[in-house]
2 protein chains.
Amino acid sequence: MKTKTIEKPQLSNIEPLLQKSNIRPTAMRILVYKFLLENEAAKALIDIENHFAKSDRTTLYRTIKTFEDKGIVHQIDDGTGTAKYALCEEGCNCEIETDLHLHFHCKICDETICLTDHKIPQINLPNGFSAENANLVIKGICDKCSC
Amino acid sequence: MKTKTIEKPQLSNIEPLLQKSNIRPTAMRILVYKFLLENEAAKALIDIENHFAKSDRTTLYRTIKTFEDKGIVHQIDDGTGTAKYALCEEGCNCEIETDLHLHFHCKICDETICLTDHKIPQINLPNGFSAENANLVIKGICDKCSC
DNA sequence: CTTGTTAATGCACTTCTGTTGCACTAACAT
DNA sequence: ATGTTAGTGCAACAGAAGTGCATTAACAAG
Ligand SMILES: [Mn+2]
Ligand SMILES: [Mn+2]
Ligand SMILES: [Zn+2]
Ligand SMILES: [Zn+2]
C-alpha cells in the first residue's frame, strides 16, 4: 500500500521516468532532469552549476554521472574541451553501443545540439581495424544564428 | 654569405622544413618535430613532456602551439580528454579549412592515429545549418591490437 | 667582432574541469 | 521504530591548459 503525497504537475511525468531506470527520484535529480528537458542544447556541468547556484557542485556532478550510468543521459565531446550532456531519446541504448547520431556545435552561439535524426554513416576502415563506437561533431552555424 | 655548421644527418631535412613555415629551427623545435615524425600515433603534450624529461613543460607547450599556429601540426580531439597532436601532411591546409580525414582511437593500446586516406563523408544537415568543419573519431581496435 | 633588437626559454603561479574521501543526512524496507 | 542503504555537502586533490615576467639565445646590422 503506497501513500503518495500530492505531486507538482510539471514533475509528475519525470518521477516515474527516473524510477523506471532505477534512479531514486530525489528533488535535485528531478530538477536537473527538468533542466535538461527544457533545454534544446546540451549542457556542460558548469552550466548546470550556474543554473542551480545554491546547490553543491559534487551533487550535480554525481547526478549527471548517475544519469549517464543508468543510460538516460549521454555525454557529448564537442571539441570545446568541456563535456556536454543531453537526455537520451526514448529507447536509445548508448550504454551498449553508441547511438550513432551526430552532434552540431555552433561557433556563433557556442551551443551544441543533438541531431538525433542524422546518423553517422558507415565508415570503411583499413584492414585490421574494427569500429565499436564513433563520434562525429560538425562545427558551423546553426539555424538560429544563420541570419 | 652563410656560414653553415655541420648538421646532423637526421635533422638536415627538418631545419629547412621549419624555416619554410617561418618557424625558427631551434634545437628544441627540431627535436619535437623529429619526435612527432618518428611516431605513427598522435601524441599528447604529456607524452612529449615524458619523452623530453629534462625540458621545460612551457617550452614544449609553446612549441606545439607554434607548430599548430603555423599549420604544420594539427590538434586531434579523440575524446580521451587530452588533446593529441600530429604532423600535417604535405600540402594540408588545416588552418583554413579542416582536412577532413578521420581519426581512430584504439581502446586497447590507447593510441590515436590519423587515417589520412579516409575522408569524412559529406553530411546532410537540416535547413538553416551550415557546416564549416567536422571531427570524426572512430573508437575500436586497431590493426596492431587485433589478434 | 660588437651591439642592439627580437624571439625563445624557464620558472612560478593561476585557472578550469573533473574526481574522490568522508562525515552527515534522508529515504526506504522490515 | 529501527537498521540498512543511498544521497548530499564540504574539503581536498589531480591533471591539463594557460599567463606574466625575468633571463637567455638568435640573428641582423654596423
Ligand atoms: Mn546527442
Ligand atoms: Mn590527423
Ligand atoms: Zn548558433
Ligand atoms: Zn591498438
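Residue numbering restarts at 1 for every chain, and letters A, B, ... go by the order of the sequence lines. Scope of the values below: all heavy atoms of this structure, side chains included, with no hydrogens, waters or symmetry mates.
Backbone-only engagement by B:Ala83 is indicated by non-hydrogen atom pairs under 4.0 Å involving sugar-phosphate atoms exclusively.
Residue-environment remark: NZ (B:Lys107) stays at or below the threshold of 12 foreign heavy atoms within 6.0 Å.
The side chain of A:Thr26 places no N or O atom within less than 4.0 Å of a non-bridging phosphate oxygen (OP1 or OP2) of D:dA6. Distances shown here put every side-chain N or O of B:Thr58 at or beyond 4.0 Å from the OP1 or OP2 atom of C:dG10.
Regarding A:Leu18, its CG atom lies at a distance of 12 Å from the P atom of C:dC28, rounded to whole Å. The NZ-C1' distance, from B:Lys43 to D:dA16, rounds to 18 Å in whole Å. Atom CD in A:Glu49 sits about 8 Å away from atom P in C:dT17, given to the nearest Å. Going from atom CZ of A:Arg57 over to atom P of C:dC16 covers 12 Å, rounded to whole Å. When rounded to the nearest whole Å, the span between CG of A:Asn22 and C1' of C:dC28 equals 14 Å. Taking atom CE of residue A:Met28 and atom P of nucleotide D:dG7, one finds them 14 Å apart after rounding to whole Å. Computed from coordinates, the B:Arg29 CZ to D:dA26 P distance equals 11 Å when rounded to whole Å. What separates OH of B:Tyr61 from P of C:dA8 is a distance of 15 Å, to the nearest Å.
Sequence order on DNA chain D of the closest nucleotides to A:Ala27 and B:Lys65 puts A:Ala27 first from the 5' end. The 5' end of DNA chain C is approached more closely, in terms of each residue's nearest nucleotide, by B:Arg24 than by the other of B:Thr59 and B:Arg24.
The side-chain contact (heavy atoms from CB on, under 4.5 Å) with A:Leu136 is formed by just one residue from the set B:Asn135, B:Ile120, B:Leu102; it is B:Ile120.
Both A:Ile138 and A:Leu100 belong to a single network of hydrophobic side chains, linked directly or stepwise wherever heavy atoms of I, L, V, M, F, W or Y lie under 4.5 Å apart.
If you check the side chains of B:Thr112 and B:His105, you find a donor sitting under 3.5 Å from an acceptor.
You won't find any donor-acceptor pair under 3.5 Å spanning the side chain of A:Arg62 and the base of C:dG18, going by distance alone.
Counting only residues at least two apart or on different chains, the side-chain hydrogen bond (donor to acceptor under 3.5 Å, both in side chains) pairs with a member in residues 137-147 of chain A are A:Glu40-A:Lys144.
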